[in-house]
Protein chains: 2
Amino acid sequence: MCRGRAKSATGCRCARQVRGFIQPRLLLLLAKQAAHGYELMEALRALEGEEHLADPGMLYRTLRQFEAAGLVSSTWDEAGRGPARRVYRLTEAGRDYLAWWSTDIRQTRARLDRFLVEYELVQANGLAVHPKSSRR
Amino acid sequence: MCRGRAKSATGCRCARQVRGFIQPRLLLLLAKQAAHGYELMEALRALEGEEHLADPGMLYRTLRQFEAAGLVSSTWDEAGRGPARRVYRLTEAGRDYLAWWSTDIRQTRARLDRFLVEYELVQANGLAVHPKSSRR
DNA sequence: ATCCTCTATATGATCGAGTCATATAGTAGC
DNA sequence: GCTACTATATGACTCGATCATATAGAGGAT
């Protein structure tokens with residue numbers, strides 16, 4: 001199994017994150033303020049640290065999916081220097097979806113908590129080498 | 001986007017769980033006691049509730065991968081009635097891997113916490129319709 | 001002019017976790 | 001024989017995530 005001990009030259013790139021977690025993070029950023037993709041990418045990098053650099057491909061695709069689903073709307077901004085940017089704004093549907101994600105994430109956190117509590121228990125009960133005969 | 005409003009007859013079966021989360025849960029169960037696959041499947045069902053029924057395919061495949069990676073060892077048990085069962089026992093390497101997972105899960109939980117705190121903040125700041133001009 | 005870097009958006013190929021369907025087989029009850 | 005429960009396992013497929021790459025405007029250096 002992947003254990004973080006780099007097997008390939010590029011190291012272990014196993015994700016082990018919450019599925020689709022980029023979605024609520026993008027929506028939350030947009031809930032605070034309209035923004036374009038590149039801006040969002042940098043915001044994610046700042047939040048999660050350099051090691052968790054977001055994949056641009058994933059990010060831009062997710063934003064387009066959001067728009068197709070009516071969660072955000074976009075307009076082109078040609079004002080700045082450099083290439084034009086597509087500026088996204090959260091819609092009401094997007095806000096609802098973000099709320100739904102937040103409850104889902106609370107549930108996920110609860111599951112993680114339950115696991116950690118169980119794990120600490122096992123750690124505490126000695127190293128439990130062979131608890132075969134002792135039922136409790 | 002998938003929002004839990006069943007689009008197909010079978011409803012939304014989006015996972016939205018932590019990637020590979022079945023791994024630490026299996027390892028933790030085995031840390032408590034040696035067990036065979038079917039037993040582990042029922043234990044997971046009991047822990048996570050009926051709605052989160054574990055897929056047997058995933059479970060058995062994961063166990064075989066564990067063994068291939070030296071995280072568990074297995075022996076056949078023909079004693080009980082019904083077909084023979086393959087009984088798995090955690091190895092030292094498996095225990096280490098479980099410990100590694102637990103720290104990873106703690107990090108994941110921290111990320112979820114950070115998201116939820118941010119979300120609550122946005123909720124608290126009114127509905128933040130257009131905080132464009134007010135920087136803070 | 002040409003090259004490089006930074007900003008900015010986007011697509012194609014591929015990987016692999018997770019899901020769904022299905023196969024096999026032993027035991028027990030009707 | 002038929003069905004149900006226990007028990008393990010594989011093949012096909014979906015889709016989120018990763019990796020590589022393409023395009024293009026603007027600004028600075030040589």
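Hydrogens, waters and symmetry mates play no part in the numbers below; they use all other heavy atoms, side chains included. Letters go in sequence order (proteins before strands), and every chain restarts at 1. Just so it is clear, the structure is predicted and the values come from calculations on it, not from any experiment.
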Are side-chain heavy atoms of B:Leu112 and A:Val18 found at a separation under 4.5 Å?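 Of all side-chain heavy-atom pairs linking A:Val18 with B:Leu112, at least one is under 4.5 Å.
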Going by the side-chain hydrogen bond (donor to acceptor under 3.5 Å, both in side chains) test, which pairs reach into residues 34-44 of chain B, not counting sequence neighbours?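 Sorted pair list: B:His36-B:Glu39.
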Report the distance from atom [atom1] of [X] to atom [atom2] of [N], rounded to the nearest whole Å.
| X | N | atom1 | atom2 | result |
| --- | --- | --- | --- | --- |
| A:Arg19 | C:dG18 | CZ | C1' | 5 Å |
| B:Met41 | D:dT8 | CE | P | 9 Å |
| B:Tyr60 | C:dA21 | OH | P | 19 Å |
| A:Phe21 | D:dG16 | CZ | P | 16 Å |
| A:Met58 | C:dT14 | CE | C1' | 14 Å |
| B:Leu44 | C:dT19 | CG | C1' | 16 Å |

If you measure from the Lys or Arg side-chain nitrogens to the Asp or Glu carboxylate oxygens, is any gap between B:Arg25 and A:Glu118 under 4.0 Å? no
Can B:Val87 be reached from B:Leu27 by stepping across I, L, V, M, F, W or Y side chains whose heavy atoms are under 4.5 Å apart? no
N/O-N/O pairs, protein side and nucleotides 22-30 of chain C side, under 3.5 Å:
none

Using OP1 and OP2 only, check whether a side-chain N or O of A:Arg86 sits under 4.0 Å from C:dA10. yes
For B:Val18, answer base if it contacts any base atom (sugar-phosphate contacts may also be present), sugar-phosphate if it contacts only those atoms, and nothing otherwise; contact means non-hydrogen atoms under 4.0 Å.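 Sugar-phosphate only.
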Angle class for the A:Tyr97/A:Trp101 ring planes (parallel below 30°, perpendicular above 60°, tilted otherwise)?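 Ring orientation, 0 to 90° scale: perpendicular.
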Donor-acceptor pair under 3.5 Å: do we get one between B:Arg61's side chain and the base of C:dG16?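 Absent.
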